[in-house]
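Any value given below was found using the heavy atoms of this structure, including those in side chains, with hydrogens, waters and symmetry copies removed.
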Amino acid sequence: MMAETSRTTVGGYLATRLAQIGLRHYMAIPGDYNLALFDRLLENKDLTMISCCNELNAGYAADGYARAHGVAAMLVTYSVGGLSAINAVAGHYAEDLPVIVISGGVNTHSEPENQILHHSLGEVRYDYVRQMFKPVTVETVNVRLAEEAPGQIDQALAACLNRRKPVYLEIACNIANQEVPAPQPYQFLTRHGSDPGALAEAVEQTAAMLNAAVKPVAVGGAKLRMAGALEGFQKFVEASGHAVAMMPNAKGFFPETHPNFIGIFWGPVSSAGTASIVESADVYLFAGPVLSDYASCGHTAEINQAKLILAGPDFVRLPGATYNGIRLDEFLTALADKVRPNPTSLASFNRIRTETVPEPPVNREARIQTRRLFAQIQSMLDANTTLITETGDSWFNAMNLKLPEGSSFEIQMQYGSIGWSVGAALGYQLARPDRRVIACIGDGSFQMTAQEISTIIRYGLKPIIFVMNNGGYTIEVEIHDGPYNTIKNWNYADLVQVFNADDGHAWGCRVTTEGGVEEAIKKALGHDGLCLIEVVLDRDDCSKDLLEWGARVAANNSRPPVPTAGFR
């Protein structure tokens, strides 16, 4: 006789599974369609609810959490909640982040009974939210039968973890409390190995091409992380002895203190000497790159297809041959055993490298400039820091910072949604309270998502946030200027007191001089709570690399349309 199976609810089943895949927190915005789910998740003491100010910010927080923890979850209500979050979820998809988007759904009786419901389009068709999520997720699941819920939940979580992309899981509001069998053992992560024949031949052909080269180079890209290939890439570099550059959206994925590291490859705005070495190589291996307009400086990076070995998450492309079904981590590890050491490109770089000229001492009365601000931020970095940089001039200044061993770096370059970094700092710090998070945010971006400062304060998190106040959207100014790039000024530092209210412990200040920045950093490093440092900068104070990059991206954007046949 079979033993009686223990029972739980659909919501309880979901909560158990979230805890089993390692989650400790989930971002949340309540709404009447998801309140029963909230009740069940709150019963699980292994999970903590993090209440955010709105769904978009919750999505950005999930983004940061997934970067730090490996997976994240957020809970929203039907339609108005989900659609408010969908921009952030598109960012999860673009940036290869596994996030489980959980939404309450309409009552299972409503559509058959022809009921028009609130939060909807005013029509009796309720699958439109799931359809909208399809392009920005790898799985969309609608739970409407309790007996099917366990299988559907497991299916969604497995898709999220295995494909390293977001999923959308909608659970009807009258299903969350229905009983189902308790979760049984299940292996969510089931990575399949490479096709043996394809892997062997790809490694053989790649090694032959690299070993025949005079001056080969390696370049690392953003998809190294999602492919689990960071360790394999480092093994390959150490075995080959090649000079290694990283693309800007992969900064921090390879130790910048490593003797083979030569800088950031970003076309015309690369680190000093880096582009010359990469572009003059007779063979280059790009591992996990994203060759977008932003990452390639308006597609102006000089990459010759005849010299390119392109290794993606599941393929290897050589001149004249493509091998599919190959895991990047396995490919790089196997290649390390076949490649012969050749440090020629590294020796070439060392001959042309220029040592960084030390910044002069702080001039306490001098008006602060962006370059001098980031020189002081450099002094804050150590093995325990994570630097988060918002879309804008912060990208370009941060690229020139040298990351100490153990220091990490996060950027949202592929999607580039301004305002991302406030929520991302929240999520990252939540997942890694042991690290000091430093975020660099422009004032225009900050105005998009400033409310989440209150959530950071609410949960006692302690990032240091620099808000660069120069009165506008600087990155847009350099691509295409106009009156639309000027914003209403705020007293940013004063917002800390607004969000502190009666129980917060955050600290904020406004600085205009080099000495003011120095004093603010000293106080922030010793403060037990969030610190917001508003740095007042000139509107036209930006890095020279942004000027160059902006001109090239603008040129790429402004290419004229191809004439239509038959028209002159």
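- Between V362 and G515, the shortest heavy-atom distance links the atoms CG1-N, 4.0 Å.
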Verdict with reasoning, Y126 to N107, per side-chain hydrogen bond (donor to acceptor under 3.5 Å, both in side chains): CA-CA 10 Å; Y126 297 117; N107 189 291; over 6 Å; no

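- Among Y415, W420, Y428, the single residue meeting the side chain to side chain donor-acceptor pair (under 3.5 Å) criterion with D63 is W420.
- S84 meets the side chain to side chain donor-acceptor pair (under 3.5 Å) test with no other residue; sequence neighbours excluded.
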Is there a side chain to side chain contact (heavy atoms under 4.5 Å, CB included) between T8 and V180? Walk through the geometry before answering. CA-CA 6 Å; T8 185; V180 294; 4.0 Å; yes

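- For the pairing with E359, the side chain to side chain donor-acceptor pair (under 3.5 Å) check across R372, Q378, Q376 returns one residue only, R372.
- Nearest heavy atoms, L495 versus F446: CD1-CE2, 3.8 Å.
- More than 12 heavy atoms of other residues, nucleotides or ligands lie within 6.0 Å of CD in E123, so this atom counts as buried by the packing criterion.
- S120 and Y128 are not linked by any side-chain donor-acceptor pair at a separation below 3.5 angstrom, with hydrogens and angles left out of the test.
- For F133, the ring pair (Phe, Tyr, Trp, His ring centres under 6.0 Å) criterion is met by Y168, not counting sequence neighbours.
- Remark: the backbone N or O of V106 is not paired with any side-chain donor or acceptor of H119 at under 3.5 angstrom.
- Here H118 and Y33 bring their ring centres to under 6.0 angstrom of each other.
- Between L18 and A73 the shortest heavy-atom distance is CD2-CB, 4.4 Å.
- Taking the six-membered ring where tryptophan is involved, the planes of W266 and F396 are essentially parallel, since the angle between them stays under 30° and well short of 60°.
- For R163, the CZ atom is loosely surrounded, since the number of other residues' heavy atoms within 6.0 Å does not exceed 12.
- The distance from the CD atom of E139 to the CD atom of Q155 is 4.5 Å, given to the nearest 0.5 Å.
- In this structure, T257 OG1 and K402 NZ are separated by 7.0 Å, a value rounded to the nearest 0.5 Å.
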Worked check of side-chain hydrogen bond (donor to acceptor under 3.5 Å, both in side chains) between Y93 and Q414: CA-CA 10 Å; Y93 188 95; Q414 175 55 39; over 6 Å; no

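- Note on K251 versus E256: salt bridge recorded, some NZ/NE/NH1/NH2 to OD/OE distance being below 4.0 Å.
- In this structure, CG on L373 lies 7.0 Å from CD1 on I521, to the nearest 0.5 angstrom.
- Classification of the Y186-F188 ring pair by plane angle, with boundaries at 30° and 60°, yields perpendicular.
- Under 4.0 Å is where a charged nitrogen must lie from a carboxylate oxygen, and between R225 and D96 no such pair does.
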Apply side-chain hydrogen bond (donor to acceptor under 3.5 Å, both in side chains) to N54 and Y60, showing your working. CA-CA 10 Å; N54 61 52; Y60 290 152; over 6 Å; no

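- Scanning both residues, A250 and G221, for their nearest heavy atoms gives CB-C, 3.4 Å.
- The residue from D393, L387, T391 that alone fulfils the side-chain contact (heavy atoms from CB on, under 4.5 Å) condition with T389 is L387.
- Checked by atom type, the side-chain pair S408/T386 shows a donor-acceptor distance below 3.5 Å.
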Would T385 and S407 count as a side-chain hydrogen bond (donor to acceptor under 3.5 Å, both in side chains) here? Give the steps. CA-CA 5 Å; T385 54; S407 182; 3.3 Å; yes

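- Atom CG of D434 sits in a crowded spot, with more than 12 heavy atoms from other residues, nucleotides or ligands closer than 6.0 Å.
- The heavy-atom pair separating A58 from I29 by the smallest distance is CB-CG1, 4.5 Å.
- N57 and T449 share no donor-acceptor pair across their side chains, judged by distance under 3.5 Å alone.
- Counting non-hydrogen atoms of other residues, nucleotides and ligands closer than 6.0 Å to NE2 of H505 gives a total of 12 or fewer.
- A distance of 7.5 Å separates CG of D443 from CG of N489, quoted to the nearest 0.5 Å.
- With salt bridges taken as basic N to acidic carboxylate O contacts below 4.0 Å, one links R40 and E43.
- Looking at every heavy atom in both residues, A493 comes nearest to R510 through CB-N, 3.9 Å.
- Shown here are the side chain to side chain donor-acceptor pair (under 3.5 Å) partners of N34, two or more places apart in sequence or in another chain: there are none.
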